[in-house]
Undergrad: 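The structure is given below, and queries will be raised subsequently.
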Number of protein chains: 2
Amino acid sequence: MIPSHQLRASNMNPIRVFIVDDHPMVIEGLQNMLRADSAFELVGHAMSASSCKGFFVGQFADVVLLDINLPDESGIQLCRYLKNLSPSPHILAISSFDSGTFISDMMNHGADGYVMKNVSKEELTKAIFAVTQGRHYLSHDANEKLKAEKNRREQMPVLTVREKEVLQLIASGLTNAQIAEKLFVSVSTIDSHRKNLLAKLHANNTASLLRSASENFLLTSEK
Amino acid sequence: MIPSHQLRASNMNPIRVFIVDDHPMVIEGLQNMLRADSAFELVGHAMSASSCKGFFVGQFADVVLLDINLPDESGIQLCRYLKNLSPSPHILAISSFDSGTFISDMMNHGADGYVMKNVSKEELTKAIFAVTQGRHYLSHDANEKLKAEKNRREQMPVLTVREKEVLQLIASGLTNAQIAEKLFVSVSTIDSHRKNLLAKLHANNTASLLRSASENFLLTSEK
DNA sequence: AACCATATCCCCCTTTTATGTGATACCGCT
DNA sequence: AGCGGTATCACATAAAAGGGGGATATGGTT
């Protein structure tokens, strides 16, 4: 089978690539990988989200290689911003983290593809061609992680806002009485919430409750 | 004041640089930063610890730019290995993580310097010159983190092996009775250990105990 | 030999949690 | 008007954990 990127006709306009990453060496590395290939035209780069917004990226780039971790703003939000431009560029997310949460968030905010920073030149070009043609591209690892993440979210117990609130306060070390006082309700109420939390998280004491909560990323304010 | 790297005489032998990183684009980026400067000679690179050991790095490199996160083996262990060679190269650790634990571990295993992956060309060359001259180099951020880490380790409560063992079992959700059974001791003993843990970690219930333990990285088997 | 940290065990008592089985009220949806 | 989910509160009992006090044995250090 012929690799997709070899199907590209040589007389087409080059794909205009814009890079957003706060690591100079990553920018250099990406540019180096693409410079030699006449299929690409490097139209610029930004090292922060705000800087990126200063360019008319939508106007003169076909694809943005977007790092998830930027100093000023999450790449996830920048992704949404870029996708709301018109015309909007295709987005290929590039990250050193293969956390399923990140991948899922990025794709849900409009990214067209996701590759790790340890990507080879071959895979990178393949990914860029894919997203510029309107297809999605996920590296093998990213795909696996995404599936696992979807699975996790389905399995994840559904807590009410009040329950999450109580859970946080339990985790912070307060007793039921202290929580009740803080929330201006009776101790019985907190007792109930606690019972429901134990049941929903399949726990039978505080320690296993917190363990289970932590495994499901229920602490650290994931609303 | 004249930057140290300008003090270098132009007739000196170039500094032989070897790169270890599993990210092709980082390798490209680093090489690109250094290639133009005649003070450096790029003598090769490896993308894994085992591959690195296949080269006679000690023989023909003055400095190794070493990523902490390698696919097969921790960069920390590779660092120790390289430092035990003779002659041994100078090591400049390069990481995308500024976790104090990593920095501290790296420096304790013989690294001569530590910079983040978002390092500029100027700082990188400065760091390389420093370590090849036998001096240590820490980026400003790394230095701050290292100090904070030292402070943390001093403040950290000292637990006995038995206490750590009990702590782990508590965190896993077992009751005192279950722990006692598992360790073949009486419940009273676990009761005592638990009391001591509460006192040492300034906690007054299971939740705050686990919270405090987590803050001190006492879970996740840091012996 | 005296000291100290560690690990083991015990008693007493109080507070907090865990478990069960309710009830009432509000809200949004059908 | 009825249903389901959420939040609130209550009563009761049992189990577990928190907070004092102490005792004994062991191994290593000084």
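When reading the values below, keep in mind they use all heavy atoms of this one structure, side chains included, and skip hydrogens, waters and symmetry mates. Naming convention: chains lettered A, B, ... in sequence-line order (proteins, then strands); numbering from 1 in each chain.
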Undergrad: What side-chain donor-acceptor pairs closer than 3.5 Å can you find for residues 179-191 of chain A, not counting sequence neighbours?
TA:
unit_1	atom_1	unit_2	atom_2	d
A:S186	OG	A:S188	N	3.1
A:S186	OG	A:T189	N	3.4

Undergrad: Check DNA chain C against residues 176-190 of chain B and give the residues with a non-hydrogen atom under 4.0 Å, in numerical order.
TA: B:V185, B:S186, B:S188, B:T189

Undergrad: Quick one: B:E165 CD to C:dT6 C1', roughly how many Å, whole number?
TA: 13 Å

Undergrad: So, are B:R152 and B:E149 salt-bridged, with charged N and O less than 4.0 Å apart?
TA: yes

Undergrad: Mind listing the residues from residues 192-215 of chain A sitting with a heavy atom below 4.0 Å of DNA chain C? Number order is fine.
TA: A:R194, A:K195, A:L198, A:N204, A:N205, A:T206

Undergrad: List the residues meeting side-chain hydrogen bond (donor to acceptor under 3.5 Å, both in side chains) with A:R80, not counting sequence neighbours, and say none if there are none.
TA: none

Undergrad: Applying salt bridge (charged side-chain N to carboxylate O under 4.0 Å, His left out), can you list everything that pairs with A:K53, at least two apart in sequence or on another chain?
TA: A:E73

Undergrad: With a 4.0 Å limit, can you tell me whether B:T160 has a side-chain N or O closer than that to the phosphate oxygens OP1/OP2 of C:dA7?
TA: yes

Undergrad: Could you pull out all residues at least two apart from B:E144 that satisfy salt bridge (charged side-chain N to carboxylate O under 4.0 Å, His left out)?
TA: B:K147

Undergrad: Which donor-acceptor pairs under 3.5 Å do the side chains of residues 199-210 of chain B make with protein atoms, sequence neighbours left out?
TA:
unit_1	atom_1	unit_2	atom_2	d
B:K200	NZ	B:V158	O	3.0
B:K200	NZ	B:E163	OE1	2.8
B:K200	NZ	B:E163	OE2	3.4
B:N204	OD1	B:S208	OG	3.3
B:N205	OD1	B:A207	N	3.2
B:N205	OD1	B:S208	N	2.9
B:N205	OD1	B:S208	OG	3.0
B:N205	ND2	A:G173	O	2.9
B:T206	OG1	B:R194	NH2	2.9
B:S208	OG	B:N204	N	3.2
B:S208	OG	B:N205	N	3.3
B:S208	OG	B:N205	O	3.1

Undergrad: Side-chain N or O of B:R162 less than 4.0 angstrom from OP1 or OP2 on C:dT8?
TA: yes

Undergrad: Polar atoms only, N or O, under 3.5 Å: list the protein pairs with nucleotides 25-30 of chain D and their distances.
TA:
none

Undergrad: Please name all residues satisfying side chain to side chain contact (heavy atoms under 4.5 Å, CB included) with A:S51, sequence neighbours left out, ordered by chain then number.
TA: A:A46, A:S48, A:F55

Undergrad: Going by salt bridge (charged side-chain N to carboxylate O under 4.0 Å, His left out), name the residues that satisfy it together with A:D105, two or more places apart in sequence or in a different chain.
TA: A:R153

Undergrad: Quick one: salt bridge (Lys or Arg N to Asp or Glu O under 4.0 Å) pairs with a partner in residues 202-211 of chain A, sequence neighbours left out?
TA: A:R211-A:E215

Undergrad: Run the side-chain donor-acceptor check on residues 61-71 of chain B: report pairs under 3.5 Å with partners two or more places apart or on a different chain.
TA:
unit_1	atom_1	unit_2	atom_2	d
B:D62	OD1	B:R16	NH2	2.9
B:D62	OD2	B:R16	N	2.7
B:D62	OD2	B:R16	NE	3.1

